[in-house]
Amino acid sequence: MRGLCVFLAVSLGVFLAHCRDGKTVSPEATRPRQDASEPRFLSAGRELRFASYYGAGMVLQRAPERAVVWGYGGRKAPVLLTLAGPQGRGIYNSSVADGIWRVMLDPVDAGGPYNITVTQEGSSSSVTLTDVLFGDIWLCGGQSNMAFTVAQLLNASEELAQASKFPSVRIFMVALEQSDEEMTDLTVEVPWSVPTAALLGEGNFTHFSAVCWLFGRYLFKSLQYPIGLVQSCWGGTPVEAWSSSRVIQHCGVKDSMDSAGPIQKSVLWNAMIHPLLNMTLKGAIWYQGEANSAYNRDKYNCTFPSMIDDWRTAFHSGSGNQTASDFPFGFVQLSTWKKNAADGFPEIRWHQTADYGFAPNERMKHTFMAVALDLPDAESPWGSIHPRFKQDAAYRLMLGARAVAYGEKGISFQGPYPISVNTTNTTHLVITYNQDISATQSENIFEICCSKEPCGYDSSWTHVPMMPQGPTTVTVLVGKCPMRDVSSLRYAWTDWPCDFKACPIYSADRVLPAPPFICQL
Ligand SMILES: *[C@@H]1O[C@H](CO)[C@@H](O)[C@H](O)[C@H]1NC(C)=O
Ligand SMILES: *[C@@H]1O[C@H](CO)[C@@H](O)[C@H](O)[C@H]1NC(C)=O
Ligand SMILES: *[C@@H]1O[C@H](CO)[C@@H](O)[C@H](O)[C@H]1NC(C)=O
Ligand SMILES: *[C@@H]1O[C@H](CO)[C@@H](O)[C@H](O)[C@H]1NC(C)=O
Ligand SMILES: *[C@@H]1O[C@H](CO)[C@@H](O)[C@H](O)[C@H]1NC(C)=O
Ligand SMILES: *[C@@H]1O[C@H](CO)[C@@H](O)[C@H](O)[C@H]1NC(C)=O
Ligand SMILES: *[C@@H]1O[C@H](CO)[C@@H](O)[C@H](O)[C@H]1NC(C)=O
Ligand SMILES: *[C@@H]1O[C@H](CO)[C@@H](O)[C@H](O)[C@H]1NC(C)=O
Ligand SMILES: *[C@@H]1O[C@H](CO)[C@@H](O)[C@H](O)[C@H]1NC(C)=O
């Protein structure tokens with residue numbers, strides 16, 4: 001008999017490429033949307049300053065990692081940096097090379113506030129950043145569903161009213177900028193700030209990211225120490241724009257003929273990610289994939305996992321090995337867009353998991369996934385591709401972070417996933433899940449492919465009825481197809497498989513939906 005589902009997945013092992021594409025192209029590519037690059041200083045020396053993304057009110061990565069701080073010094077004289085706060089006072093000395101100084105602080109426990117002052121030998125001027133906290137830094141990337149702001153939530157006014165209750169969750173936003181070459185520094189859209197309703201609800205797709213903010217706020221409730229949120233995302237952009245040339249080459253993807261603007265390969269990696277490599281961070285969350293549903297879709301199972309690997313390697317070395325080389329990476333699996341249309345979303349959802357169906361997995365270690373296909377929003381004013389139910393997506397992400405990034409035991413963060421399909425019964429498949437489930441009968445959530453050959457995404461599939469059976473099992477009636485010819489099985493393989501929080505299979509507490517899968521029997 002055929003017992004286990006054999007998944008189509010191929011494990012690639014970990015991709016670690018170190019080749020660099022050193023060529024420089026047209027330098028005129030960068031056009032900052034807004035000139036907000038000056039950090040706020042108490043007293044700004046003309047020459048001596050911090051890099052753009054260090055500012056008063058910021059969060060630096062807490063112990064055991066060591067935070068990296070860097071900036072510019074006009075002259076060659078050594079730069080002295082003083083850190084003063086609850087854990088005492090530390091003085092660091094950095095030389096200035098090519099106009100840049102850089103200090104790796106000793107580990108500092110979560111808390112604050114600290115002041116960080118830099119002076120340059122032989123000069124009386126100094127620059128101070130006040131109210132600096134130590135905590136965990138999370139980078140929030142992706143396209144419009146990450147850019148979707150707190151103001152766009154269904155209960156925006158209630159959520160905005162919460163802002164002032166979380167002064168230890170600090171926000172920072174990178175301005176939209178693209179470049180043909182890897183940049184050292186970036187342009188600031190929102191400097192490090194204590195959250196306010198005005199900053200969180202500035203407009204539509206501006207600032208601040210609802211998923212990023214809610215994730216940070218939920219995490220703070222559990223961790224009870226400062227969280228720094230760095231938003232760096234741009235609507236409508238494909239994964240290639242956020243990927244270095246190493247990933248582009250490894251996966252063999254090319255720009256389409258008419259690519260221009262922020263959808264071109266590497267241009268956002270260059271301007272909006274590369275400059276951040278030198279800062280120590282805890283992890284990243286990501287909401288993207290819609291722009292790849294009709295663009296290099298079949299390569300997304302390479303580009304996305306490879307981008308994660310490449311970011312990890314690059315952030316690790318950029319921070320002098322302080323950011324973990326396998327830092328936790330969470331992502332939202334695509335929600336819904338079109339009813340009854342083939343729009344590529346099922347394939348992207350699958351490829352988001354490197355074709356495993358769940359995360360973390362062997363190919364994508366130390367990742368976590370928020371399933372969102374049960375959160376459709378036909379009435380969204382910004383189109384159904386932008387569902388407003390970001391609380392659920394962020395909450396599910398937060399559960400994943402607690403389990404994967406913080407190693408909290410006993411946190412349920414993954415929906416039910418099948419561990420076996422029993423084909424012994426002549427009329428019914430018996431599907432066994434890895435946990436207790438809450439299941440409801442469905443006529444059309446499962447499909448089988450009746451064929452002597454393995455089936456692909458576009459083969460001829462037939463809807464088959466499903467009935468709940470035991471605490472961990474459901475049965476599927478195969479109908480006319482002889483059991484020996486049932487070659488493949490798939491679940492929730494449409495753009496819009498169910499109504500709001502009404503998919504047929506959830507975790508026993510009904511918090512986590514079963515993710516979609518496709519497998520050969
Ligand atoms: C930080 O600087 C502010 C403003 O000068 C001062 O009021 C505060 O006492 C300083 N804090 C520490 C820990 O030095
Ligand atoms: C900083 O380092 C330089 C070069 O090593 C040294 O000459 C200078 O005395 C140091 N300054 C302090 C205050 O330690
Ligand atoms: C907003 O609504 C969501 C449900 O969509 C709920 O989880 C959340 O608690 C609400 N927020 C506030 C501040 O009331
Ligand atoms: C945001 O979008 C909504 C819905 O389309 C619209 O009513 C509102 O005016 C927009 N707000 C801004 C600031 O553009
Ligand atoms: C990615 O998916 C495509 C089909 O969309 C498949 O042909 C290919 O083998 C998969 N690659 C990997 C690395 O899983
Ligand atoms: C940032 O890190 C990169 C990669 O390690 C390095 O080449 C670059 O010099 C660093 N920049 C600064 C300002 O420290
Ligand atoms: C980071 O680790 C690599 C290899 O483990 C080592 O060669 C390099 O010197 C380390 N860098 C720093 C700044 O410690
Ligand atoms: C499949 O189901 C049959 C009938 O219930 C049972 O005898 C058999 O042990 C099952 N196979 C496995 C691998 O669980
Ligand atoms: C096959 O499974 C169905 C549904 O659970 C059950 O009614 C039927 O008795 C089973 N048939 C055999 C031969 O076990």
Side-chain angles (χ1 to χ4, degrees), residues 6-15 48 73 75-83 89-97 101-103 117-124 126 144 147-157 160 197-208 210 235 239 247 250-253 289 292-309 342 344-359 361-364 377 379-388 454-459 488 490 493 516-520:
V6 180
F7 291 92
L8 299 165
V10 183
S11 173
L12 276 184
V14 178
F15 151 59
L48 181 65
R75 297 173 297 110
K76 281 257 189 289
V79 167
L80 296 177
L81 180 149
T82 308
L83 173 74
R89 193 177 168 85
I91 299 186
Y92 302 83
N93 183 346
S94 167
S95 57
V96 177
W101 53 267
R102 178 179 163 116
V103 165
T117 301
V118 289
T119 58
Q120 207 161 10
E121 278 189 13
S123 158
S124 58
S126 67
S144 55
F148 188 103
T149 64
V150 180
Q152 295 174 264
L153 294 170
L154 272 165
N155 51 356
S157 50
L160 290 170
L199 284 171
L200 292 182
E202 197 264 344
N204 298 330
F205 302 109
T206 50
H207 54 77
F208 193 78
V239 70
V247 176
H250 176 74
C251 295
V253 285
N292 286 98
S293 62
Y295 181 62
N296 291 333
R297 179 177 68 217
D298 293 347
K299 292 284 180 75
Y300 201 79
N301 53 5
C302 183
T303 45
F304 181 50
S306 301
M307 184 200 78
I308 297 172
D309 292 341
F345 272 35
E347 289 86 349
I348 291 290
R349 288 187 192 118
W350 184 243
H351 288 341
Q352 283 181 295
T353 67
D355 302 1
Y356 280 77
F358 51 87
N361 59 55
E362 200 186 323
R363 172 69 186 88
M364 299 170 71
D377 185 6
E379 308 300 321
S380 172
W382 304 280
S384 59
I385 201 168
H386 299 122
R388 287 167 289 177
C455 292
Y457 307 135
D458 301 323
S459 302
S488 314
R490 67 188 190 185
W493 202 268
F517 70 81
I518 185 168
C519 72
Q520 291 172 34

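Whatever order the structure lists ligands and atoms in, that order sets their numbers, starting from 1.
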Inset, instruction - Test N155 against R388 for side-chain contact (heavy atoms from CB on, under 4.5 Å), laying out the working first. - result: CA-CA 9 Å; N155 51 356; R388 287 167 289 177; over 6 Å; no
Inset, instruction - Classify the contact between N301 and ligand 5 as side chain, backbone, both or neither, using a heavy-atom distance cut-off of under 4.0 Å. - result: side chain
Legend entry - Close-contact set for ligand 5 against D355 heavy atoms, below 4.0 Å: 1 (C), 2 (O), 10 (C), 14 (O)
Inset, instruction - Work out which heavy atom in H207 is nearest to a heavy atom in A198; give both atom names and the distance. - result: CE1-O, 4.5 Å
Legend entry - Single hit among W493, W350, F345 for ring pair (Phe, Tyr, Trp, His ring centres under 6.0 Å) with Y457: W493
Legend entry - Interatomic spacing from CG in D298 to SG in C251 - rounded to 0.5 Å: 12.5 Å
Inset, instruction - Say whether H351 and ligand 5 are in contact under the criterion: heavy-atom distance to a ligand atom below 4.0 Å. - result: yes
Inset, instruction - Could you list the atoms of ligand 2 found under 4.0 angstrom from a heavy atom of E121? - result: 1 (C), 8 (C), 10 (C), 11 (N), 12 (C), 13 (C)
Legend entry - Whether S94 side chain and R102 backbone form a donor-acceptor pair below 3.5 Å: yes
Legend entry - Numbering as shown, the atoms of ligand 5 that approach Y457 to under 4.0 Å (heavy-atom distance): 4 (C), 5 (O)
Inset, instruction - Specify whether F304 and Y300 have parallel, tilted or perpendicular ring planes, treating 30° as the upper limit for parallel and 60° as the lower limit for perpendicular. - result: parallel
Inset, instruction - Return the protein residues near ligand 4 (heavy atom under 4.0 Å from any of its atoms), ordered by chain and residue number. - result: N204, P381, W382
Inset, instruction - Report yes or no: does S380 contribute a side-chain atom to a donor-acceptor pair with the main-chain N or O of H386 at less than 3.5 Å? - result: yes
Inset, instruction - Mark yes or no for whether Q352, through its side chain, and G289, through its backbone, hold a donor-acceptor pair below 3.5 Å. - result: no
Inset, instruction - Record the part of I91 in heavy-atom contact with ligand 2 below 4.0 Å; permitted values are side chain, backbone, both and neither. - result: neither
Inset, instruction - For the pair N292 (side chain) and V239 (backbone), establish whether a donor and an acceptor sit closer than 3.5 Å, ignoring hydrogens and angles. - result: yes
